Amino acid sequence: MGTKDILVVDDDAKVRRLLRRCLEGDGHSVREACDATAARRAFAHGAPDLVTLDLTLGEEDGLDFAREIRRSHDVPIVMVTGRDDVIDKVVGLEIGADDYVTKPFHVREVQARIRSVLRRAQGAGVVHVEDAETALDLDGLTIDLDRMAVTDRNGAPCDVTTADIKLLRAFVENPKRALSRDRLMDLIDGPQWTPLDRTIDNQVARLRKKIERDATRPELIRTVRGVGYMLSEAPHAASADT
């Protein structure tokens, strides 16, 4: 994995020192920022390989700053915060955080989570949908979103509907990120849905039957308890002979 440049953003100096020690112990270089303003200055000198981000940053909210980071950078974000409300966690993951750790935390847990996020970031090989020339490969499936076609692992066409493709696109464009039901409905149908609409669970169940090796033990579309669903791996450009 090698040495990574990690930016620790937290208004508590003790937390910053603790994170610095454990991250430097893993061989990484660490920069510190006590608030969003200092973090912006750090980014101006070069984007880090990963950011740990507290959600309480004085006058600014860490969620707002996370959105700001996501607008211009694809750097992994691990939220390390005392805010343990499930709504904050859901919003944080929807914004694009790669993990969420609540305080008080155990140093070894933070180390393990950051190692995991860095491994995923290093090996993701994410292909943006608009960059794929023809189709995408996802665990042996061939997916052509433009032509609304999915071919199974044996080369046979899957009987997918428009709703299946919309849902699949939402997952493919957000691999390895937990998406709440609300966020999925927003990506699929926009803000017209009602808060009581639970059809997303049925749509996920139908899609699993078509693309999972075993729909009773889904490995591609995972359930994230308390949040929603997540595509467990990123697609790659399909080979020419696929």
Side-chain angles (χ1 to χ4, degrees), residues 1-5 47-51 69-78 93-99 112-180 183-184 186-188 200 203-224 227-242:
M1 186 182 302
T3 298
K4 300 297 182 183
D5 175 29
D49 295 307
L50 182 143
V51 176
I69 293 173
R70 274 287 163 264
R71 284 195 290 269
S72 55
H73 298 281
D74 197 31
V75 55
I77 300 173
V78 176
L93 292 169
E94 286 184 354
I95 288 171
D98 296 85
D99 207 339
R113 287 176 179 257
I114 288 177
R115 288 171 190 155
S116 178
V117 169
L118 286 171
R119 281 196 299 269
R120 294 202 305 266
Q122 183 171 307
V126 175
V127 175
H128 296 288
V129 171
E130 61 271 20
D131 294 336
E133 293 182 1
T134 53
L136 300 172
D137 179 275
L138 178 65
D139 189 38
L141 299 164
T142 302
I143 301 170
D144 191 326
L145 295 172
D146 289 335
R147 295 175 181 168
M148 299 182 63
V150 177
T151 304
D152 70 18
R153 297 168 184 86
N154 297 316
C158 295
D159 183 19
V160 290
T161 65
T162 300
D164 292 331
I165 291 295
K166 285 184 177 181
L167 181 58
L168 194 52
R169 178 182 289 274
F171 282 121
V172 165
E173 292 183 341
N174 298 276
K176 300 184 178 181
R177 288 183 178 172
L179 300 172
S180 70
R183 180 58 177 157
L184 283 168
D186 215 15
L187 289 170
I188 294 169
I200 193 67
Q203 289 187 40
V204 168
R206 286 195 296 270
L207 183 59
R208 279 172 166 168
K209 289 179 181 179
K210 298 175 182 180
I211 70 171
E212 294 282 359
R213 297 179 187 274
D214 181 355
T216 64
R217 297 179 178 179
E219 296 181 348
L220 278 177
I221 301 177
R222 301 275 181 88
T223 298
V224 182
V227 180
Y229 301 98
M230 177 180 70
L231 186 66
S232 63
E233 63 180 79
H236 301 267
S239 60
D241 58 351
T242 299

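Not measured: the values here are computed from a predicted model.
- Between D152 and L141, the shortest heavy-atom contact is CA-CD2, 3.7 Å.
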Item to check | Residues R70, I77; criterion side-chain contact (heavy atoms from CB on, under 4.5 Å); working and verdict | outcome: CA-CA 9 Å; R70 274 287 163 264; I77 300 173; 3.8 Å; yes
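- Here the closest non-hydrogen pair linking V51 and P48 is CG2-CG, 3.6 Å.
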Item to check | side-chain contact (heavy atoms from CB on, under 4.5 Å) between M148 and V160, worked out | outcome: CA-CA 8 Å; M148 299 182 63; V160 290; 5.9 Å; no
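- Between D139 atom CG and R213 atom CZ the span is 4.5 Å, to the nearest 0.5 Å.
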Next on the checklist: Please determine whether side-chain contact (heavy atoms from CB on, under 4.5 Å) holds for the pair I165 and V150, giving the CA-CA distance in whole Å, both sets of side-chain angles, and the decisive distance to 0.1 Å.
Outcome noted: CA-CA 9 Å; I165 291 295; V150 177; 4.1 Å; yes
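- Separation of atoms CG (L145) and CD (E173) is listed at 7.5 Å; rounding is to 0.5 Å.
- Within the 4.5 Å cutoff, the side chain of T161 has heavy atoms near those of the K210 side chain.
- In terms of heavy atoms, A170 sits closest to L179 at O-CD1, 4.0 Å.
- For K209, there are no salt bridge (charged side-chain N to carboxylate O under 4.0 Å, His left out) partners at least two apart in sequence or on another chain.
- Taking the salt bridge (charged side-chain N to carboxylate O under 4.0 Å, His left out) definition, one finds that R208 meets it with nothing, sequence neighbours left out.
- The shortest side-chain heavy-atom distance between I221 and I211 falls under the 4.5 Å cut-off.
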List, one per line, each side-chain donor-acceptor pair under 3.5 Å for residues 227-235, sequence neighbours excluded.
from : atom 1 : to   : atom 2 : distance (Å)
Y229 : OH     : D201 : OD1    : 2.6
S232 : OG     : E219 : O      : 2.6
S232 : OG     : L220 : O      : 3.2

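- Side chains of K4 and L50 form no contact here, defined as non-hydrogen atoms less than 4.5 Å apart.
- Remark: T142 OG1 to D137 CG distance equals 5.5 Å, nearest 0.5 Å.
- For A47 against D5, the heavy-atom pair with the smallest separation is O-OD2, 4.3 Å.
- Looking only at side-chain heavy atoms (C-beta outward), R113 and D98 stay at 4.5 Å or farther from each other.
- No more than 12 heavy atoms of other residues, nucleotides or ligands sit less than 6.0 Å from atom CG of D159.
- Atom CD1 of I95 is separated from atom CZ of R177 by 11.0 Å, given to the nearest 0.5 angstrom.
- Distance CG/L184 to CD/Q203: 9.0 Å, rounded to 0.5 Å.
- Here the shortest heavy-atom pairing between L118 and D49 reads CD2-O, 4.3 Å.
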